[in-house]
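Position 1 is the first residue of the sequence, and the numbers go up from there.
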Amino acid sequence: MGRLLGIGLILSGCAGTLMGWYEMQKKRQALMEECIRLFAHWHYALEREHIRLYDFLEEYPARFVEVKKLLMELKNLLEQNCYQSGRIAWKKLLEENDSAFPLTGEAWQILEDAGDAFFGNNSQESLRNIEICMRRMEEELKSARTELVKKWKVYMPVGMLGGVILIILLV
């Protein structure tokens, strides 16, 4: 009976680890989608409505609590006017909140570069930077999705096989 319980625990541990990894990858993709949505909304607000960034940050309907919190902190920093430029405040906030955003590599760099999209010298520069960030993030999201499928096809059988091997060794 104890062996069966041990076998069940080992297999469920392997499956749980795999599902935790998979969920983290899906959260990264969802955050990338939210960034694309944020860029699209800012592009529209700037181009069509000529809204100020301060008002946009307050009104943006973020789907993630982390994003809404980041935007509210940025709005508060802009109110306090304690940094030389908005770009510096943006990078500082991202550094402080890096644990809330599990983005890696290129996606993180795009998010940092979004400071240029929010705080351009003029509207045309901001619009151009928004389009660049949006295009880059869409490409990164597409590659992340294909990479996830490839990795899942390998990690799932290898992880479960590793669990079976561990069971054989321990039993």
Side-chain angles (χ1 to χ4, degrees), residues 16-155:
T17 302
L18 288 169
M19 290 310 295
W21 172 82
Y22 184 77
E23 290 300 317
M24 178 58 79
Q25 298 303 318
K26 292 303 272 183
K27 182 172 181 175
R28 281 188 181 129
Q29 290 179 8
L31 276 171
M32 285 188 231
E33 290 171 352
E34 180 66 17
C35 289
I36 293 168
R37 185 173 169 264
L38 173 68
F39 298 150
H41 277 249
W42 176 233
H43 188 277
Y44 180 82
L46 188 61
E47 185 178 49
R48 302 275 188 230
E49 298 176 356
H50 306 290
I51 193 169
R52 296 179 326 149
L53 178 62
Y54 182 82
D55 296 330
F56 173 77
L57 294 173
E58 190 171 325
E59 295 172 5
Y60 178 70
R63 295 179 182 165
F64 286 91
V65 175
E66 298 93 346
V67 174
K68 189 63 174 175
K69 181 181 171 214
L70 180 78
L71 295 179
M72 288 297 103
E73 287 178 16
L74 181 61
K75 181 183 149 259
N76 290 337
L77 285 177
L78 293 175
E79 277 180 345
Q80 296 168 4
N81 198 20
C82 56
Y83 289 98
Q84 295 171 346
S85 73
R87 290 179 183 131
I88 295 171
W90 177 255
K91 287 193 180 199
K92 179 78 170 159
L93 279 175
L94 285 178
E95 288 171 5
E96 291 173 0
N97 296 304
D98 66 340
S99 62
F101 294 92
L103 300 176
T104 58
E106 181 68 17
W108 182 258
Q109 186 61 44
I110 295 166
L111 194 59
E112 283 183 348
D113 293 344
D116 295 334
F118 290 118
F119 303 103
N121 293 330
N122 56 47
S123 295
Q124 295 305 320
E125 180 184 343
S126 290
L127 288 171
R128 188 173 29 90
N129 286 328
I130 293 167
E131 290 170 3
I132 291 169
C133 287
M134 221 174 5
R135 190 172 0 95
R136 286 175 58 200
M137 191 65 83
E138 287 169 351
E139 291 170 5
E140 184 63 24
L141 179 61
K142 184 179 177 183
S143 71
R145 286 180 175 156
T146 57
E147 185 179 323
L148 177 63
V149 171
K150 288 178 185 176
K151 285 183 177 181
W152 183 249
K153 287 180 180 179
V154 173
Y155 287 4

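To the nearest 0.5 angstrom, K92 atom NZ is 14.0 Å from L74 atom CG. Note that the CD atom of E131 and the CE atom of M134 stand 6.0 Å from one another [nearest 0.5 Å]. To the nearest 0.5 angstrom, F64 atom CZ is 13.5 Å from L70 atom CG. Atom OH of Y44 sits about 5.0 Å away from atom CD of E49, to the nearest 0.5 Å. Put simply, CG on L46 and CD1 on I51 are 10.0 Å apart, with the number rounded to the nearest 0.5 Å. The distance from atom CD of Q25 to atom OH of Y155, rounded to the nearest 0.5 Å, is 8.0 Å.
For N129, the side-chain contact (heavy atoms from CB on, under 4.5 Å) partners at least two apart in sequence or on another chain are D116, A117, E125, I132. Scored by the side chain to side chain donor-acceptor pair (under 3.5 Å) test, E34 finds R37, Y60 as partners (sequence neighbours excluded). For E47, the salt bridge (Lys or Arg N to Asp or Glu O under 4.0 Å) criterion is met by no residue, not counting sequence neighbours. For E73, the side chain to side chain donor-acceptor pair (under 3.5 Å) partners are N97, not counting sequence neighbours. Residues passing the salt bridge (Lys or Arg N to Asp or Glu O under 4.0 Å) test with E140: none are found, sequence neighbours excluded. For K151, the salt bridge (Lys or Arg N to Asp or Glu O under 4.0 Å) partners are E147, not counting sequence neighbours. Residues forming a side-chain contact (heavy atoms from CB on, under 4.5 Å) with I88 (at least two apart in sequence, or on another chain): Y83, Q84, S85. Looking at residues two or more places apart in sequence or on another chain, you find a salt bridge (Lys or Arg N to Asp or Glu O under 4.0 Å) between R145 and E33. Among residues two or more places apart in sequence or in another chain, the side-chain contact (heavy atoms from CB on, under 4.5 Å) test is passed with Y22 by M19, K26, L148, W152. By the side-chain contact (heavy atoms from CB on, under 4.5 Å) test, K68 pairs with A62, M72, sequence neighbours left out.
Side-chain atoms of R28 never come within 3.5 Å of backbone atoms of L103 as a donor-acceptor pair (strictly under, hydrogens ignored).
Among residues at least two apart or in separate chains, side-chain hydrogen bond (donor to acceptor under 3.5 Å, both in side chains) pairs with a member in residues 103-112 are E106-R136, W108-E112, Q109-D113. The salt bridge (charged side-chain N to carboxylate O under 4.0 Å, His left out) contacts involving residues 51-60 comprise R52-D55, E58-K75, where partners must be two or more places apart or lie in separate chains.
Here F118 and W90 bring their ring centres to under 6.0 angstrom of each other.
Between P102 and M24 the shortest heavy-atom distance is CB-SD, 3.7 Å. Across every non-hydrogen atom of M32 and A144, the tightest pair is CE-CB, 3.9 Å. Across F101 and V67, no two heavy atoms sit closer than the pair CE2-CG2, 3.8 Å.
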request  = Carefully, step by step, assess L31 and L111 under the rule side-chain contact (heavy atoms from CB on, under 4.5 Å).
outcome  = CA-CA 10 Å; L31 276 171; L111 194 59; over 6 Å; no
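Contact annotation: the side chain of H41 approaches that of F56 to within less than 4.5 Å [non-hydrogen atoms, C-beta and beyond].
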